[in-house]
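Everything on this sheet refers to the single structure shown next.
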Amino acid sequence: MTIYAKNRLLNECRWSSSREATFLECRKKYWYTYYGAWEGWPKTSFDSRSEVDPLASYLYMLKNMQPACMFVGSVVHKTIEWCLKTYEATKRLPTLEEVRIHVQNGVKKGIQESSQKMWKNHPKHHTNLLEHYYNLPFDSSPLEEKARSCVDNWYSSACLQKIALNKRAAWKGIESMQTFSLEEGVEAIVVYDFFLIWHARQDDSFMIIFDWKTGQESEKVETQLLAYAIAAKICFSVPLDKLILSPFYLSQGPQGYKKYGAKQEMPIDSTKIEELKKSIVSSAKAMLELHPRKNAEGIFPTPTSLQFPYTEDRRHCKKCSFQELCQATNYQEKEKEELGNLVKEKFASCMR
Ligand code: SF4
């Protein structure tokens, strides 16, 4: 994060798979997420804003809302992160029972925060479930069961017991963000869930990057993994023949992980990597074209720009957290000031 004058954060535009997915799904959602919601977080004692803009505050709240499936995924990720960091700090691995308690408490706490609307105090620090907010059918027991089975499978897997805890493994990072540049002015970000260097026999070594998945296998995963490989080469000079990528589909059981790359049955396709590099550069440039220059802080594109239309594929709207605002505008273009007035008139009760 870069801070510019008067203790304000600089709104930077870097490629990430989630930013690109929003850009492709709906440009209005992209504007709400990356421009409209900017500086909508609660005021802190060290920032120089005189007040928080109500439209930004409302969009920031909606942006931080999660559907239940994503919520479970984030609780599972946080539990694994906690378990690995505890081991890293103390050399004692929490017991399976402790891990189960951690994940179950995380699910229960999030559901309680959401039902009690605690997110009104701070949308990022308290869970807001899309199902609660939009009064959709919701049953908490499958969530708890899924979270528990994901951590059980992870805990008993060879990934943890035989690789991560092995003397040959040198841990390099947990929930670790990598920023890399593919050409001047084009920056991208990936986050490795967990990665290590595996010291094999005969002085050979490999980087293994793990990716915990609570959802199903999809085509998007391949793009994500190839982006990890690009980052490994640029950030750590790790060539493909020294790299193993391991997505772990946690709900499929302790053997739900796959291995691509060095000495594995499934290689990493170098042609696809070159194609992805080109695609990232082209997608990042398309997003950068709409983004204010680095030294033009505070000047953002307007929501009514032709570049930010509502998606025509309204199937996306059913699971979109911004749906109540789009419905309130009747999917008509509104200037920022009009949106602000609409929010004050209709949604003031959503704010603290
Ligand atoms: S509700 Fe639909 S049109 Fe509105 S931001 Fe979401 S996806 Fe886009």
Side-chain angles (χ1 to χ4, degrees), residues 11-41 52-74 114 117 119-120 123-124 127-138 215-216 218-220 223-224 283-284 286-292 300-351:
N11 187 339
E12 294 176 285
C13 179
R14 295 188 176 117
W15 180 93
S16 68
S17 61
S18 59
R19 186 170 186 132
E20 183 186 78
T22 307
F23 192 69
L24 297 176
E25 184 182 307
C26 173
R27 291 289 182 90
K28 192 64 79 185
K29 182 175 180 178
Y30 182 81
W31 186 88
Y32 291 153
T33 305
Y34 294 100
Y35 298 114
W38 185 251
E39 291 198 330
W41 48 85
V52 182
D53 172 50
L55 173 62
S57 173
Y58 168 73
L59 291 173
Y60 182 76
M61 177 274 289
L62 293 181
K63 169 189 162 167
N64 280 289
M65 187 184 294
Q66 291 178 303
C69 57
M70 273 178 66
F71 160 67
V72 169
S74 73
S114 178
K117 298 188 171 38
W119 44 264
K120 286 190 179 186
K124 197 165 188 164
T127 306
N128 183 5
L129 293 175
L130 184 121
E131 287 79 358
H132 280 159
Y133 191 86
Y134 286 114
N135 292 320
L136 302 173
F138 178 73
Q216 302 301 313
S218 78
E219 279 178 20
K220 281 190 217 155
T223 304
Q224 218 178 13
S283 158
M287 293 190 276
L288 278 165
E289 262 182 36
L290 307 181
H291 194 75
F300 294 137
T302 64
T304 48
S305 151
L306 293 176
Q307 302 292 343
F308 300 106
Y310 298 94
T311 179
E312 286 180 9
D313 185 351
R314 296 288 153 80
R315 284 173 304 177
H316 293 304
C317 306
K318 285 188 191 149
K319 51 181 177 17
C320 175
S321 59
F322 299 102
Q323 57 187 270
E324 71 175 5
L325 180 58
C326 292
Q327 283 162 12
T329 62
N330 207 15
Y331 296 87
Q332 300 297 308
E333 294 298 340
K334 301 272 181 211
E335 292 296 345
K336 201 172 163 203
E337 196 182 336
E338 292 175 281
L339 284 177
N341 290 337
L342 192 63
V343 165
K344 277 189 237 164
E345 183 192 323
K346 288 191 170 254
F347 305 118
S349 65
C350 303
M351 331 292 275

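Each ligand, and each atom within it, is numbered from 1 in the order the structure gives.
- Every residue two or more places apart in sequence or in another chain that forms a ring-ring contact (aromatic ring centres under 6.0 Å, His included) with Tyr34 is listed here: Tyr30.
- Sorted by first and then second residue, the salt bridge (Lys or Arg N to Asp or Glu O under 4.0 Å) pairs involving residues 329-348 (not counting sequence neighbours) are Lys28-Glu333.
- Listed by first then second residue, pairs satisfying salt bridge (Lys or Arg N to Asp or Glu O under 4.0 Å) with a partner in residues 57-70 number zero, not counting sequence neighbours.
- His316 and Thr311 form no side-chain donor-acceptor contact under 3.5 Å, judged by distance and modelled atom types alone.
- Screening Arg27, Glu25, Arg19 for a side chain to side chain contact (heavy atoms under 4.5 Å, CB included) with Phe23, the sole residue that qualifies is Arg27.
- Of all protein N/O/S atoms, those under 2.8 Å from atom 2 (Fe) of ligand 1 are Cys317 SG, and waters are not counted.
- Between the side chains of Gln323 and Tyr133, no donor N or O sits under 3.5 Å from an acceptor N or O.
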